[in-house]
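Step one of this worksheet: look at the structure below.
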Amino acid sequence: MTPVVLALHDIVKHYRRPRQRLWAPGPVVQALRGVSLQVRAGQSMGIVGESGSGKSTLARVAMALERPTLGSVRWSGQDPNALDASDLRLARRHVQMVFQDPYGSLDPRQRIGQIVAEALESSAVAKAREQVEESLLAVGLSERDADKYPHEFSGGQRQRIAIARALITRPRLIVADEPVSALDVSVQAQVLNLLADLQEALGLTYLFISHDLAVVNHVCDEVAVMYAGRIVELGTPGQLFQAAAHPYTRALVGELPRDRPGVAHGPRRRLQAQTSVRVQAGPTLESGACAYAQRCAYRQARCQVEAPELRVISQGHQAACHVAESVMVEHLGEQ
Amino acid sequence: MSAAGTIERVDHDRTRPAAILEVSRLTGTLNTARGPAQALRGIDLSLAPGQTLGLAGESGCGKSMLALAVMGLLPAGAQVSGSIRFQGQELIGASDAALCRLRGNRIGMVFQEPMTTLNPLHRVGDQVAEPLRLHQGLSRASARAEAARLLDRVRLPHAAQSLRAYPHQLSGGQRQRVTIAMALACGPDLLIADEPTTALDVTTQREILELINELVAASGMTLLMISHDLDALARIADRMMVMYGGSVVESGPLDAVVTERAHPYTRGLFAARPRWSALGEQGAKRRLQTIPGRVPELADLPPGCAFSNRCAWTLDACRAGLPAALAIGPQHEARCVRLNEPGFRS
Amino acid sequence: MRWLERAWRHPGFVTGTALVGLLVGAALLSFAWTPYPYAELDIPHKLAPVSNAHWLGTDSLGRDIASLLIVGARNSIAVGLIAVGIGVTFGVALGLLAAARRGWVEELIMRLSDFTFAFPALLTAIMLTAVYGPGLAISIVAIGIFNVPVFARIARSAALAVWSREFVLASRACGRGPWHISLHHVLPNIMPVLIVQATIQFAVAILAEAALSYLGLGTQPPQPSWGRMLNEAQQMLFQAPWLAVYPGLAIALTVLGLNLMGDGLRDLLDPRLARQR
């Protein structure tokens, strides 16, 4: 069995907002409400959700940039939150991150060479230069780019630089937080291809976070759909796209335009019925109700009082819904 | 009418039914840090009343510049030539006062970033009421009542209470609804939406798109929607225009552009989107088709066709000058010198 | 560098730099040569008007005013450099520390700054001179102390803005600790703000020294000082009003030059950075 590179167990993360009254503490935002997942070596796990679902918080907790309120994080068996500063520094070589904003994630005052070498030890300057050039070539840039500044590059190129920075320590795992969301369509395609190529060449493992299911489809073996701080469905892209077992996934997938030959894109197709009432980001929900119930087309009485647990629906496919089977069957029927 | 299979050149001076917006040979030059940039190169477009035109393209193609040129809102130092006629009135060279009478009144505009479009220090209700008080001279009370009605129309939850809210108290989607209400306040004949859904969540995007769709259909308004999201445009547009390097490379009825994809850039753009194909390849990771190279800065456009240095079918003729617009089908044209060749577009 | 080209076209910056250059040039010159030794008294020729012998005339003790001015420039620069230097070194360090550690460290540093702010430089100088006796060194220390909270505050708020940016998060994700981040990411990014503030504080320091010397708490005779020259001129106001003009003009032009330079630097450094996308 391939080793588990990243394991999250029952992660709960709460934030306390600033107090609004002098005598009472501020409200608690439940960003993550019990998330567990495992990513095996060489695989790509996608996390899909809208803002407020907790996916970015999950990325930061997985990177040990924030401590979980409850639950544990393991990098190849090791708990980064239990390490001291120097051991953690060493451990971080194996887990790197690519961020969403190509303009914000690079220090405008540093040269590319410095930026890419960020994770390397400060000693051995010559060797560092060699590694930097190697990294830049691997992402399709040239060695001469190491002496330039970020403002001389376009968004897509900056994302390549961010990827080069993440690669330099030969990590096992890369956490990519919406790496292509800020890019144009054609540039997006280039960067996605690059990520796929690098995974094959270097045996990388990805935790790929996105709001776009179609993008995730191209990079990921497994996808976890998040809603209001919980994983509501987990499965392969094929299972999610054809036999989604959670109404939210169904809603996300249902709107994906499909390439069916002979059928032109229908303009003014009616969208799935969605109420305009939205759950605020990081809700403080009464425990014991399904977070999606207010918007759900399959809502039943049971959903208002009992929050469904994530359970196995079929091989490699889990969903947190009381009526998961009927949702799945209905979706299959539409194919 | 010539024999089927040959392409005619398009004659733009032919009389056509009264268009609400008629742009001819629009050329715009901006001053950038790298010297003068031709942001708009000979744009022609014609919008019939009640039509929705989807303007597609990536960053730096000039689509936002086109919207700003129509509104007369290009940055100082920009030079514009050609003609923009709105309901017969020439907008280029029009006085500031004349343009102000049109903006927010007969032409409404929705921008990408609702947080910067709305003044964070003013209440939402006051901001929606502003165009009403300015252009229709309503009193404070009646403007407020109308604003409440508008907010309800854009399906803002708790519209009456929201009048007194500040922008930061609303979510992104709610703020965008407010900007739409502001743009529609005086019942404009033309609505220009510049990337209205880009800054929003994926589910909110659908809601806002649906809202715009519905409002436009209900009022018979003409809509010019600009987006880099081809799928969003495909949902609501009647006609589609694709821009690259400051010029319109392809323009035609939605179905024609989306299925035929005559211009090599259109072809590349549509092919580069990540799709889910229901036929086979379930979950298999496929390479995406990409267009090699990257979008040039407007100040560094190659001579002739702007796409020539990235196109797989470039000839020397492509670099000679901006290709003329050739007709491919009814109201469907593209700027490519090779459209004539048999087998080129299959 | 393109930066220099742009700088050359900014009229305020060029004027300011020219004026400051004049000051620095005069001060440097004074080490090598002065028209007359500044302390040389020439009572028979006291209060002489402008002439070929004395380009700006002489003061009440017959000293050459031109020499006094350019040697006085030395002191002004010394005060500016050292006092601002103290402020920058300690203030920026404290500001960076406050922004990096947050919590009680930040609170402590900020409250100490507030406390120090409450005492005007003048009061600090008076307290110090009461203990250690008056002099140039003491006035430098007093002004320097006052500069520390100025830079601490500015450095802290600018640093906080940088800490919230994504490239800092990326640096943390690479395993870098707060020291490295403060030195390699935060400090370079807050430089523009600090540079501009330094030129402003330079001008303030010169004015403060002049005030202290005027009150007799700064440079002591026979060391020349623009502030003391003003004091002496005040006593001769009805007999030789022009005596006040020279040091006054010197101070005014220096401060003006520094302010113009600071404004110019702000214009040149900030929006350019924002526009380089």
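Naming: A, B, ... by sequence-line order, numbering from 1 per chain.
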Can you tell which part of [X] gets under 4.5 Å to a heavy atom of chain C, answering side chain, backbone, both or neither?
X        : result
A/Val175 : neither
A/Leu106 : backbone
A/Ala117 : backbone
A/Gln100 : backbone
A/Arg93  : neither

Heavy-atom closest pair, residues [X] and [Y]:
X        : Y        : value
C/Phe167 : A/Ser105 : CB-O, 3.3 Å
A/Arg92  : C/Ala173 : CD-O, 3.3 Å
A/Arg89  : C/Gly175 : CD-O, 2.7 Å

Around [X], counting heavy atoms of other residues, nucleotides and ligands shown, do more than 12 lie under 6.0 Å from its [atom1]?
X        : atom1 : answer
A/His9   : NE2   : no
C/Arg111 : CZ    : yes
C/Phe90  : CZ    : no

- Distance from C/Leu169 atom CG to A/Asp177 atom CG, nearest 0.5 Å? 9.5 Å
- Note on the structure: Exactly one of C/His185, C/Arg165, C/His184 clears side chain to side chain donor-acceptor pair (under 3.5 Å) with A/Asp107, and that residue is C/His185
Validation row: [X], [Y] side chains within 4.5 angstrom (heavy atoms):
X        : Y        : value
C/Arg172 : A/Arg60  : no
A/Arg109 : C/Pro192 : yes
C/Cys174 : A/Gln96  : yes

- Query: Taking only residues two or more places apart in sequence or in another chain, which ones pass ring pair (Phe, Tyr, Trp, His ring centres under 6.0 Å) with C/Phe115?
  - Reply: C/Phe119
